[in-house]
Amino acid sequence: MKRKSQFLPVAIFLVILLLAGSPLFAGGTKEGEAAEPEGPVSFALWTQEGESEGVYQWIVSLTQEFMEKNPDIKIDTVQKDTEALREDFQTASLAGEPPELLWTVNDHAGPFTAAGLIQPVDNLYDKNKFVESVVMEGKTWAVPISSGNHLMLLYNKSLVQKPPETTDELIEMGKQLTKGDTYGLVYNQIEPFWLVPWLGGFGGKVFADDGVTPTLNTPEMVNTLQFLYDLKFKHKIVPPESDYGTMDTLFKEGKAAMIINGDWSLGDYASILKDKLGVAKLPKVSQTGKYPAPYTSGKYFMIAEDVTGAQLTAVKKFMDFVTSEDVQQRMLKTFKRLPALLTVLKSPEITSDPILKGSSEQLAYGTPMPSVVEMRANWDAMKPEMNAVLAGSKTPKDAALAMQKAAEAGIEALK
Amino acid sequence: MQSLSPQLFAKSLGEVGTTILFVLVAIIAIEFLLYYILKVKLNHVYALPFMLVAPAAIGLLLLVAYPIGYNAVLSFTNMSLRRFTVERGLTYGIKNAVENFVGVFTEPILKQRHFFPILFTTVLWTFIQVSSHVVLGMFLAILLNRPMKLRGIYRTLLLFPWAIPQIIAVLAWRGEFNYEYGYPNVILKSLGLEPIRWLSDPFWNFAAINITNIWLGVPFMTVVLLGGLQSIDRTYYEASEIDGAGKIYQFSHITLPLIQPVMTPAVILGVIWTFNMFNIPFFINQLELESSDILVTALFRAAFEYNRYGFAAAFALVNFFILLVFTLAYLKLTRFKFDVGTLVTATGKKRR
């Protein structure tokens with residue numbers, strides 16, 4: 001008897017708990033939606049611009065300026081690393097709470113359109129006034145903020161008089177400059193973004209002509225990996241280990257004669273090294289006589305799929321503000337970053353400034369970074385193998401083979 | 001960066017305020033409902049206990065049971081980046097589950113490594129960690145468990161790694177493993193030795209992860225074991241001394257058996273925590289070397305870097321069962337029983 005009387009309350013208890021659980025979930029999602037249409041509009045902006053270059057701080061000041069002009073709009077700005085931004089945006093979308101606006105690189109559009117997380121922006125800006133944007137399946141998916149985003153050779157003029165023309169010269173100069181705690185050349189040895197320019201210089205591409213079939217197991221890739229391996233283990237002109245932060249610090253401290261870094265860093269270096277900062281093209285690959293081809297992409301706005309109504313209007317207003325001539329001009333001056341607005345891009349300031357001139361010369365040899373989702377699989381396949389080669393734990397040949405296999409498996413898993 | 005002003009504080013409070021209010025109102029409503037049914041209608045003896053347990057039970061249900069359930073559901077899907085929603089081809093079904101579970105054992109989980117090599121790394125990592133935690137923890141606990149000057153200060157210092165938020169400690173350690181600027185390499189260089197590539201060399205990266213986790217894990221074990229040592233009655237030692245027992249004999253025949261009730265749950269917890277330790281292997285392994293990945297970090301990469309959601313969910317369940325089997329086996333092996341207020345020691349004696 002006693003057992004029976006215990007069972008009933010336990011059952012009731014459990015039923016109530018289950019019932020109690022469901023409204024809590026429903027309540028959680030409803031709240032956010034209900035708040036939107038009325039009163040002040042707010043939206044979240046995620047950006048991958050870094051704090052160390054000061055661009056993130058600049059974006060925050062831009063949003064503050066914008067909010068002062070538009071008191072009924074509120075923007076919450078969040079900074080994330082490039083890869084973290086992509087992963088977190090996907091996860092947040094899955095949870096139904098993505099940020100409304102992204103300020104990021106073009107190749108994020110690949111996975112985001114594949115999963116249906118961003119919306120087309122064809123009607124949100126005047127395409128004729130800007131550089132080319134991300135177009136897939138006949139639709140435009142992003143509003144350009146800046147162009148370029150390309151790697152180039154930057155050098156410290158107090159250590160290097162004349163930048164190297166060829167890789168042989170680079171190695172020769174590197175050997176002379178590497179002594180004590182100073183290195184001839186530094187670059188980010190972790191990210192394959194620093195590998196692809198050389199791949200281009202050796203005559204290779206990551207995709208076949210169809211733009212989606214990976215071509216990573218090629219003699220060109222093997223040569224590229226061998227070249228990077230030799231810089232480190234044979235010629236010893238690069239540090240045994242260096243990520244972005246390390247190479248950046250070494251160059252700023254004057255402990256690196258040359259650095260391979262992107263246009264995003266120009267403003268920062270120019271303010272530290274002043275007139276000692278030199279900008280040049282990446283040197284021609286001696287073996288092939290070709291110039292390296294860094295990826296070009298620029299930065300773009302992307303809008304989450306479900307943003308509509310007043311929020312979309314607010315987002316558009318902010319995008320218009322950032323792509324206005326005034327702000328584009330300021331971005332050019334402060335960060336030496338090439339603008340997306342054509343009128344500013346063609347302004348005489350760019351040709352008369354030695355740093356910007358070097359940057360735009362390199363841009364001419366660049367190649368557009370693929371934004372298809374298959375590129376994701378390529379990046380993920382290249383990164384561990386590049387690291388393995390630079391750790392000395394895999395031969396370039398094995399690494400290229402493994403890259404290709406991993407990229408194919410990655411693309412298969414996307415299907 | 002915005003500074004932490006009272007306005008900002010008030011603003012953040014305002015943002016979470018509605019949610020907190022909602023939770024409070026919901027809990028009060030549930031309490032009244034339970035009171036009405038259990039006390040007024042049924043007049044049950046355990047009406048009050050049920051009411052007291054209710055808020056915590058709901059919290060656990062929402063924060064623990066629901067995600068586990070959702071994970072189980074996900075393992076029955078073919079979810080990936082191209083099939084993110086049902087409209088885009090997401091399906092549920094046994095076939096997906098079979099594919100996912102078979103895939104865990106046959107396909108590479110990362111780019112190159114399969115399940116069993118990663119499991120081996122994980123077991124090796126767990127074994128190195130828990131054994132060093134117990135050995136070093138026991139050593140320090142015995143050192144501290146005797147009258148000495150400044151004992152309080154030593155104990156506080158030992159607890160330091162514990163007091164720092166883990167993620168901050170890990171990122172600080174990663175900085176120390178920097179080739180150019182890290183502390184160990186600076187010392188090595190000044191001694192005229194070759195600096196170590198902590199982040200790119202597979203062996204040294206694994207070593208770096210282990211060093212960090214030993215630093216983090218030993219204090220916990222020390223404090224737990226010290227508590228256990230202090231609960232052992234001194235008279236046992238005095239009696240054995242009279243009978244002529246030496247220090248080693250005392251340790252193996254008095255300390256070890258009597259510390260068992262404290263050590264067993266600490267070891268189980270240690271194994272589970274280490275097996276599932278995410279922050280240290282993930283953040284120290286900045287280069288994403290697959291050789292340093294353990295099951296949970298591989299799981300994270302499969303789900304959130306490579307977007308194989310269905311596959312990763314199945315993988316998570318496999319991890320869960322490994323730990324479940326381990327825990328049950330260990331409990332049986334040490335004959336440990338969970339019983340309120342009672343500890344059954346390995347010798348079978350009941351102590352209250």
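Here is how names work: the chains are called A, B, and so on, in the same order as the sequence lines, proteins then strands, and each is numbered from 1.
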Any heavy-atom pair between the side chains of B/Gln112 and A/Pro384 that's under 4.5 Å? no
So which part of A/Gln189 gets closer than 4.5 Å to some heavy atom of chain B, the side chain, the backbone, both or neither? neither
Side chain, backbone, both or neither: which part of A/Ser242 has a non-hydrogen atom closer than 4.5 Å to chain B? neither
Verdict with supporting geometry, B/Phe84 and A/Leu117, side chain to side chain contact (heavy atoms under 4.5 Å, CB included): CA-CA 9 Å; B/Phe84 217 56; A/Leu117 307 180; 3.5 Å; yes
Compare all side-chain heavy atoms of B/Lys111 with those of A/Asp380 and state whether any distance is below 4.5 angstrom. yes
B/Arg308/A/Glu412 under salt bridge (Lys or Arg N to Asp or Glu O under 4.0 Å): CA gap, chis, key distance, verdict: CA-CA 11 Å; B/Arg308 306 170 72 188; A/Glu412 188 58 36; over 6 Å; no
In terms of heavy-atom proximity below 4.5 Å to chain B, should A/Ala409 be classed as side chain, backbone, both, or neither? neither
Relative to chain B, which segment of A/Asp181 carries a heavy atom at a distance below 4.5 Å: side chain, backbone, both, or neither? neither
Could you tell me whether the side chain of A/Leu250 reaches within less than 4.5 Å of the side chain of B/Tyr181, counting heavy atoms only? yes
At what distance, to the nearest 0.5 angstrom, does CG of A/Asn387 lie from CG of B/Asn205? 10.5 Å
Donor-acceptor contact present, side-chain A/Glu241 to main-chain B/Leu199, <3.5 Å: yes
In terms of heavy-atom proximity below 4.5 Å to chain A, should B/Phe203 be classed as side chain, backbone, both, or neither? neither
So which heavy atom on A/Thr113 is nearest to which on B/Arg88, and how close? O-NH1, 3.8 Å
Could you tell me whether B/Tyr35 atom OH has more than 12 heavy atoms of other residues or ligands within 6.0 Å of it? no
B/Tyr179, OH: over 12 other non-hydrogen atoms inside 6.0 angstrom: yes
What residue, out of B/Glu288, B/Arg83, B/Glu180, B/Gln286, has the most heavy-atom pairs lying under 4.5 Å from chain A? B/Glu180
Crowding at NZ, A/Lys252 (>12 non-hydrogen neighbours, <6.0 Å): yes
CZ/B/Phe105: more than 12 non-hydrogen atoms of other groups inside 6.0 Å: yes
Is B/Ser200 in contact with chain A via its backbone, its side chain, both, or neither, using a 4.5 Å heavy-atom distance? both
Output for pair (A/Glu87 CD, B/Tyr306 OH), nearest 0.5 Å, gives 9.5 Å
Do A/Lys405 and B/Glu107 sit within salt-bridge range, that is, some charged N less than 4.0 Å from a carboxylate O? no
Are more than 12 heavy atoms, taken from residues, nucleotides or ligands other than B/Lys41, located less than 6.0 Å from that residue's NZ atom? no
A/Ala391, A/Pro240, A/Ala114: which one forms the most heavy-atom pairs within less than 4.5 Å of chain B? A/Pro240
Rounded to the nearest 0.5 Å, what separation is found between the OG1 atom of A/Thr246 and the CG atom of B/Asn178? 4.0 Å
Show the numbers, then the answer: is there a side chain to side chain contact (heavy atoms under 4.5 Å, CB included) between B/Leu81 and A/Gln90? CA-CA 9 Å; B/Leu81 208 49; A/Gln90 284 164 203; 3.9 Å; yes
Report, as yes or no, whether the 6.0 Å neighbourhood of atom CZ on B/Phe278 holds more than 12 heavy atoms from other residues, nucleotides or ligands. yes
Minimum heavy-atom separation for B/Leu287 and A/Lys383, please, with both atom names. O-CE, 4.4 Å
Is it true that, when you exclude B/Phe32 itself, more than 12 heavy atoms of the residues, nucleotides or ligands shown sit nearer than 6.0 Å to its CZ? no
So for A/Glu408, is it side chain, backbone, both, or neither that comes closer than 4.5 Å to the heavy atoms of chain B? neither
Side chains of A/Leu390 and B/Arg197: does their closest heavy-atom pair fall under 4.5 Å? no
